Amino acid sequence: MKCRKCKTPAEVALPSHNTAFCRDCFSVYFTGQVEKAIRRHGLINPGERVLVALSGGKDSLGLMLELSRLGYDVTGLHVDLGIPKSSSAARAKVEGFCAAHGLTLRVVELEKEGLPIPDVKRYINRPVCSACGKIKRHWFNRVALEEGFEVLATGHNLDDEVARLFANTLRWDAGYLSDQGPCLNAESGFARKIKPLYRLSEFETACYAFLNGIEIHTAPCPYSGGASFTGHKRLWADLEYKSPGSKIAFYDGFLKRGRPAFAQVEKETGAPLAPCEKCGSPTSTGLCGVCRLAIAVSERRAADPDRD
Ligand code: AMP
Ligand code: FES
Ligand code: ZN
């Protein structure tokens, strides 16, 4: 197979686009998709500082590299979850990557913040992944606001977005459907959240990481039963195989025609937000959810006879 652009031998086949690229032309294609996402949805304005949430996986590290190559002012943020073995391995990949590319990195250690995920798992009676997601999002936003970043970027790719959209559609969850997309504008205490990789599939971000020699953390979280929305992703892989281009058509169609309709749906007007009494994060309940979790964990840990 030959590269569609330059006719040298192709290295990456992209059935969704009915094409194949050599290494260099794939890189141009990848950059083009990121630039298109940024331009179309006004993800980053000139001069803005971008905080990039880095898990150590292919998506977030690839995103960081691409945004830095495009000349954006980027800083990495890693949340060390404190899970034995797994967290130190992920963190080492993030630190190694940032050091190798001369990129600035902030690390939040949940152990130091009194909320290591193993304690959340042990003492809090709710699915650990949902509590963990809430804690991570809390720290993404908190660091962005405390340190003056206008934008918070995550590495969600097209497969993540399509699987989430599909799940929200299956439930006809109007609240989520009015909000889902590559850009969530800043509002009352929340930084703008962006997903510049939303046009690129998981396969494409994996190719980008591989072709750029990025060392990534691949082991799944020991507490999760596998990646999120795995079943939905499998269904979509099948659809995409039978009808290439289905994923981006579904997602782009939603952004153009679905979301505006849902935006009309009156959103539940929750209680007004005010800064958390302890940490300053926006909340409607005096103390924010994460501060309340931290208090619950510390009380239960203190009362645990098996704990030294
Ligand atoms: P996931 O929900 O694990 O697929 O992660 C989605 C995105 O959240 C990743 O692409 C990262 O941008 C960000 N992320 C996940 N885990 C972490 C972490 N421990 N520290 C920083 N960012 C993270
Ligand atoms: Fe949060 Fe596994 S419980 S990543
Ligand atoms: Zn708080």
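Treat the numbers as computed from the prediction; the structure is a model and nothing was measured. Just follow the structure's listing: the first ligand is 1, and inside any ligand the first atom is 1. Numbers here are sequence positions counted from 1.
Of all the atoms in ligand 2, the ones that sit under 4.0 Å from a non-hydrogen atom of L81 are 4 (S). Every atom of ligand 2 is numbered from 1 in the order shown, and the set under 4.0 Å from a heavy atom of K136 is 4 (S). Against a heavy-atom cut-off of under 4.0 Å, L77 is close to the following atoms of ligand 1: 21 (C). Residue S60 approaches ligand 1 through these ligand atoms, each under 4.0 Å from one of its heavy atoms: 10 (O), 11 (C), 12 (O). Residue contact check: T154 has heavy atoms under 4.0 Å from atoms 12 (O) of ligand 1. Distances below 4.0 Å separate heavy atoms of K136 from the following atoms of ligand 1: 15 (C), 16 (N), 17 (C), 18 (C), 19 (N).
Looking only at protein heavy atoms, the nearest one to atom 2 (Fe) of ligand 2 is C221 SG, 2.1 Å. Closest to atom 1 (Fe) of ligand 2, if we only count protein heavy atoms, is C132 SG, 2.1 Å.
Side-chain contact check for L110 versus S87: every heavy-atom pair is 4.5 Å or farther apart. R23 has its side chain out of reach of V12: every pair of non-hydrogen atoms, C-beta onward, lies at least 4.5 Å apart. Contact of the E95 side chain with the V107 side chain is registered, since non-hydrogen atoms from C-beta on lie closer than 4.5 Å.
Although no hydrogens or angles enter the test, the distance criterion places no donor-acceptor pair under 3.5 Å between the side chain of H156 and the main chain of E161. The backbone N or O of I214 lies less than 3.5 Å from no partner atom in the side chain of N212, so there is not a single donor-acceptor pair. A distance-only check finds a donor-acceptor pair linking the side chain of D160 to the backbone of N157 [under 3.5 Å].
Scanning all heavy atoms of the two residues, the minimum distance from G57 to I216 falls at C-CG2, 4.0 Å.
Linking Ile, Leu, Val, Met, Phe, Trp and Tyr whenever their side-chain heavy atoms come within less than 4.5 Å leaves F97 and L51 in two separate clusters. No chain of hydrophobic side-chain contacts below 4.5 Å, direct or via other Ile, Leu, Val, Met, Phe, Trp or Tyr residues, connects I135 to L287.
Using bins of under 30°, 30° to 60° and over 60° for the plane-to-plane angle, the ring pair F254/F262 lands in the tilted bin. Ring geometry for F250 against F166 counts as perpendicular: the plane angle is over 60°, on a 0 to 90° scale with 30° as the lower cut.
The backbone of L54, and not its side chain, has at least one atom closer than 4.0 Å to an atom of ligand 1 (non-hydrogen atoms only; backbone = N, CA, C, O). Contacts of D80 with ligand 1, taken as heavy-atom pairs under 4.0 Å, are absent altogether.
For the pair SG of C279 and SG of C276, the angle whose vertex sits at the Zn ion (ligand 3) is 110° to 10 degrees. Here the angle centred on the Zn ion (ligand 3), running from SG of C291 over to SG of C288, is 110°, rounded to 10°.
Taking any N or O of L81, backbone or side chain, none lies under 3.5 Å from an N or O belonging to ligand 1. On a distance-only criterion, A53 and ligand 1 share at least one N/O pair closer than 3.5 Å. Close N/O approach between A153 and ligand 1 is not found [any backbone or side-chain N/O within under 3.5 Å].
At a threshold of 2.8 Å, the Zn ion (ligand 3) has no backbone or side-chain N, O or S atom of H138 nearer than that distance.
Between K121 and ligand 2 there is no heavy-atom distance shorter than 4.0 Å.
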